[in-house]
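Count residues from 1 along the sequence.
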Amino acid sequence: MKGRPPPEGAALSALEEFAEQAASAQQASSHWDAFDFIIFSCAPPPRTASCRKPPPLRPVPLLSLATATPPFRLPQAEAKALSRDLFEGRKGLFERLSGVFDNAGIEGRDLVAPVDWYREPHGYESRNRLYLESSEALFETAAAAALERAGLKASDIDGIVTVSTTGIATPSLEARVAPRMGFRDNVRRVPLFGLGCAGGVGGLATAARLAGSEPGSRWLFVTIETCSISIRLDSDDPASLVATALFGDGAAACVVGGAEGTGLATITRAGERLWPDTLGIMGWRVEDPGFAVVFDRAIPPFITAELNGAVAGLLADFGREWSDIDRLCCHPGGAKVIQAIEEAMTLEPGTLDLEREVLRDHGNMSAPTVLFVLDRLLGRGLPNTVLMTAFGPGFTCAGMLLQR
């Protein structure tokens with residue numbers, strides 16, 4: 001792939017550069033330029049040296065991919081007007097940050113509730129009840145479409161990996177829908193919470209590893225996020241207002257496994273990078289009314305400094321080189337983030353066109369978003385070798401290699 005090859009020893013120099021940039025940014029201004037720090041996921045952290053490579057992934061077919069969106073459409077102009085009503089007069093918050101709606105690169109988003117729902121106060125019980133209702137519906141829609149595209153029935157599935165971080169479900173979502181969808185009573189269930197936007201790649205990789213450990217088995221991966229009902233609209237935190245400009249709701253599902261050489265592509269390698277002492281970069285704070293989003297203002301310089309090194313580390317673990325990669329498939333966390341990725345990897349401006357299209361049409365849906373990008377990439381024609389990346393709370397960078 002054209003662009004800058006990840007340099008040897010990039011991790012240490014990039015970390016030092018980031019530290020200098022972050023310190024400079026702190027001294028220069030306390031002003032929140034919202035799109036300079038946005039992301040629920042997209043800042044790959046500094047690479048730390050590891051003394052042992054992870055064991056290789058047994059190649060696993062990607063049999064199908066399907067996406068789903070909820071029924072309520074919100075154009076960006078209406079989202080801005082709604083936020084003006086909700087945040088007006090609160091420490092001048094909206095006046096200071098309203099430009100984020102215009103610069104987000106988003107035309108509209110899909111929501112699990114009508115606009116009037118967001119005008120009313122809601123405690124965590126009310127929010128989570130809506131999360132369960134809407135997530136079960138999205139699970140069934142996305143999973144049914146993925147099964148149909150794979151030519152399978154629910155009873156053909158040996159295991160299910162479910163990723164969701166915007167609500168609490170116990171019993172978990174796949175257990176709630178299993179009887180009416182027709183999954184077997186001995187289906188294995190692996191619900192995952194806390195991955196944030198990294199969950200699209202990390203969850204699919206988990207399903208692939210499980211399928212690869214039992215050759216011939218078939219696993220369903222489903223990720224659902226209802227970001228819009230998790231946003232604190234009663235908060236004075238600038239991150240809450242930024243979230244109203246960026247996040248939408250959605251779901252995606254994939255079937256992996258079965259006989260080798262079948263399907264849309266083959267998942268050949270997967271890996272992660274987790275950096276200590278970065279817990280405050282992004283994630284949730286749990287507060288009495290519900291979740292409160294956490295953003296760090298230094299995310300874009302973090303991306304610029306660390307993405308190249310993170311890619312270098314992943315490719316080294318995969319036994320591949322940058323020149324082997326035909327295209328990145330990235331989680332589009334925000335307009336500035338997509339730009340930062342292109343700059344970090346010295347890609348031509350506009351290279352990540354599908355990422356911008358998905359952001360434009362759906363906003364940031366957290367974990368499912370990168371799979372919406374992959375869906376469009378499959379529709380256009382998958383290149384021979386694709387590196388998927390997504391970044392999330394931890395701070396972690398998840399990567400996965402797809403071969404056509």
Chemist: With a 4.5 Å heavy-atom cut-off, do Leu401 and Ile325 have their side chains touching?
Modeler: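 The answer is yes, as the side chains (C-beta and beyond) meet within the 4.5 Å cut-off.
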Chemist: Is any side-chain heavy atom of Ile168 closer than 4.5 Å to a side-chain heavy atom of Tyr124?
Modeler: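 The answer is yes, as the side chains (C-beta and beyond) meet within the 4.5 Å cut-off.
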Chemist: Side-chain contact, heavy-atom cut-off 4.5 Å: Val60 with Trp219?
Modeler: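 No, side chains not in contact.
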Chemist: Determine, stepwise, if the pair Arg376 / Asp353 fulfils salt bridge (charged side-chain N to carboxylate O under 4.0 Å, His left out).
Modeler: CA-CA 10 Å; Arg376 296 195 182 199; Asp353 56 336; over 6 Å; no
Chemist: Does either side chain, that of Tyr118 or that of Ser228, offer a donor lying less than 3.5 Å from an acceptor on the other one?
Modeler: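 Looking only at side-chain atoms, Ser228 and Tyr118 do form a donor-acceptor pair, the distance falling under 3.5 Å.
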Chemist: Which pair of non-hydrogen atoms, one from Asp324 and one from Arg320, has the smallest distance, and what is that distance?
Modeler: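 It is OD2-NE, 3.4 Å.
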Chemist: Less than 4.5 Å apart, side chain to side chain, heavy atoms only: is that true for Asp249 and Leu111?
Modeler: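 Sidechains of Leu111 and Asp249: in contact.
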Chemist: Could you tell me whether the side chain of Arg360 and the main chain of Glu107 form a donor-acceptor pair under 3.5 Å?
Modeler: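 Between the backbone of Glu107 and the side chain of Arg360 there is no qualifying donor-acceptor contact (under 3.5 Å).
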Chemist: With side chains defined as the heavy atoms from C-beta onward, is the minimum distance between Val373 and Pro332 less than 4.5 Å?
Modeler: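 Val373 reaches Pro332 side chain to side chain.
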Chemist: Decide yes or no on salt bridge (charged side-chain N to carboxylate O under 4.0 Å, His left out) for Arg129 and Glu125, but give the supporting numbers first.
Modeler: CA-CA 6 Å; Arg129 184 175 356 108; Glu125 189 277 336; 2.7 Å; yes
Chemist: What I want to check is whether the side chains of Glu342 and Thr351 have a donor and an acceptor closer together than 3.5 Å.
Modeler: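 Note: Glu342 and Thr351 side chains miss the donor-acceptor criterion.
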Chemist: Begin with the C-alpha distance, continue with both residues' side-chain angles, and end with the deciding distance and a verdict on side-chain contact (heavy atoms from CB on, under 4.5 Å) for Tyr131 and Ser164.
Modeler: CA-CA 10 Å; Tyr131 163 78; Ser164 189; 2.7 Å; yes
Chemist: Does the side-chain contact (heavy atoms from CB on, under 4.5 Å) test come out yes or no for Leu387 and Thr385, once each step is laid out?
Modeler: CA-CA 7 Å; Leu387 177 64; Thr385 305; over 6 Å; no
Chemist: side-chain contact (heavy atoms from CB on, under 4.5 Å) between Leu246 and Ile106: does it pass, once the steps are laid out?
Modeler: CA-CA 8 Å; Leu246 181 66; Ile106 297 171; 3.9 Å; yes
Chemist: Measure up the Phe101 and Phe94 rings against each other and bin them: parallel (under 30°), tilted (30 to 60°), perpendicular (over 60°).
Modeler: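 Because their plane-to-plane angle lies in the 30° to 60° range, the rings of Phe101 and Phe94 count as tilted.
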Chemist: Do you know the tightest heavy-atom contact between Cys329 and Val370?
Modeler: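 Looking at all heavy atoms of both residues, the closest pair is O-CG2, 3.8 Å.
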Chemist: Quick check for you: to the nearest 0.5 Å, what is the distance between Ser64 atom OG and Leu147 atom CG?
Modeler: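 It is 7.0 Å, given to the nearest 0.5 Å.
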Chemist: Going from OG1 on Thr369 to NE2 on His331, what distance comes out if it is rounded to the nearest 0.5 angstrom?
Modeler: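 Output value for this atom pair is 5.0 Å.
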Chemist: Locate the shortest heavy-atom distance separating Arg176 from Ala169; write the atom from each residue and the value.
Modeler: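 For Arg176 and Ala169, the tightest heavy-atom pair comes out as NE-CB, 4.1 Å.
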Chemist: Working to the nearest 0.5 Å, report the span between OG of Ser217 and CG of Asp156.
Modeler: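 Going from OG on Ser217 over to CG on Asp156, the span is 12.5 Å.
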Chemist: Rounded to the nearest 0.5 Å, what separation is found between the CG atom of Leu359 and the CG atom of Leu352?
Modeler: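 Answer rounded to 0.5 Å: 11.5 Å.
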Chemist: Mind listing the closest non-hydrogen atom pair of Thr69 and Leu138 along with its distance?
Modeler: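 What the structure gives for the nearest pair is C-CD2, 3.7 Å.
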Chemist: With distance as the sole criterion, is a donor-acceptor pair present between the side chains of Ser83 and Thr244 under 3.5 Å?
Modeler: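 Yes.
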Chemist: Between Arg180 and Glu136, does at least one N-O distance fall below 4.0 Å, as a salt bridge requires?
Modeler: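 Between Glu136 and Arg180 there is a salt bridge, with a charged N closer than 4.0 Å to a carboxylate O.
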Chemist: How many angstroms lie between atom CG of Leu382 and atom CD of Gln403, to the nearest 0.5 angstrom?
Modeler: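 Leu382 CG to Gln403 CD: 9.5 Å, rounded to 0.5 Å.
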Chemist: Could you check whether Asp317 pairs with Arg269 (Lys NZ or Arg NE/NH1/NH2 to Asp/Glu carboxylate O, under 4.0 Å)?
Modeler: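 Salt bridge between Asp317 and Arg269, a charged N being under 4.0 Å from a carboxylate O: no.
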Chemist: According to the salt bridge (charged side-chain N to carboxylate O under 4.0 Å, His left out) rule, which pairs have a member within residues 209-223, sequence neighbours left out?
Modeler: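 Those involving residues 209-223 are Arg188-Glu214.
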Chemist: How close do Ser240 and Ile231 get, counting heavy atoms only, and between which atoms?
Modeler: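 Ser240 and Ile231 have their closest heavy atoms at O-CG2, 3.6 Å.
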Chemist: Which heavy atom in Cys397 sits nearest to a heavy atom in Leu314, and how many Å separate them?
Modeler: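 Looking at all heavy atoms of both residues, the shortest contact is SG-CD1, 4.0 Å.
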Chemist: What's the verdict on side-chain contact (heavy atoms from CB on, under 4.5 Å) for Val163 and Phe221, showing C-alpha distance, side-chain angles and the deciding distance?
Modeler: CA-CA 8 Å; Val163 165; Phe221 166 59; 3.6 Å; yes
Chemist: Under a 4.0 Å N-O cut-off, is there an ion pair linking Glu306 with Arg273?
Modeler: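 No.
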Chemist: Test side chain to side chain donor-acceptor pair (under 3.5 Å) on Thr166 and Glu225; report intermediate values, then the result.
Modeler: CA-CA 6 Å; Thr166 44; Glu225 300 294 6; 2.7 Å; yes
Chemist: I'd like to know if the side chain of Gln76 reaches the main chain of Ala245, judged simply by a donor and an acceptor atom lying under 3.5 Å from each other, with no hydrogens or angles considered.
Modeler: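 Yes, the answer is positive, given that a donor and an acceptor are paired below the 3.5 Å cut-off.
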Chemist: When you compare the side chain of Leu307 with that of Phe391, does any pair of heavy atoms fall below 4.5 Å?
Modeler: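 Yes, at least one pair of side-chain atoms sits under 4.5 Å.
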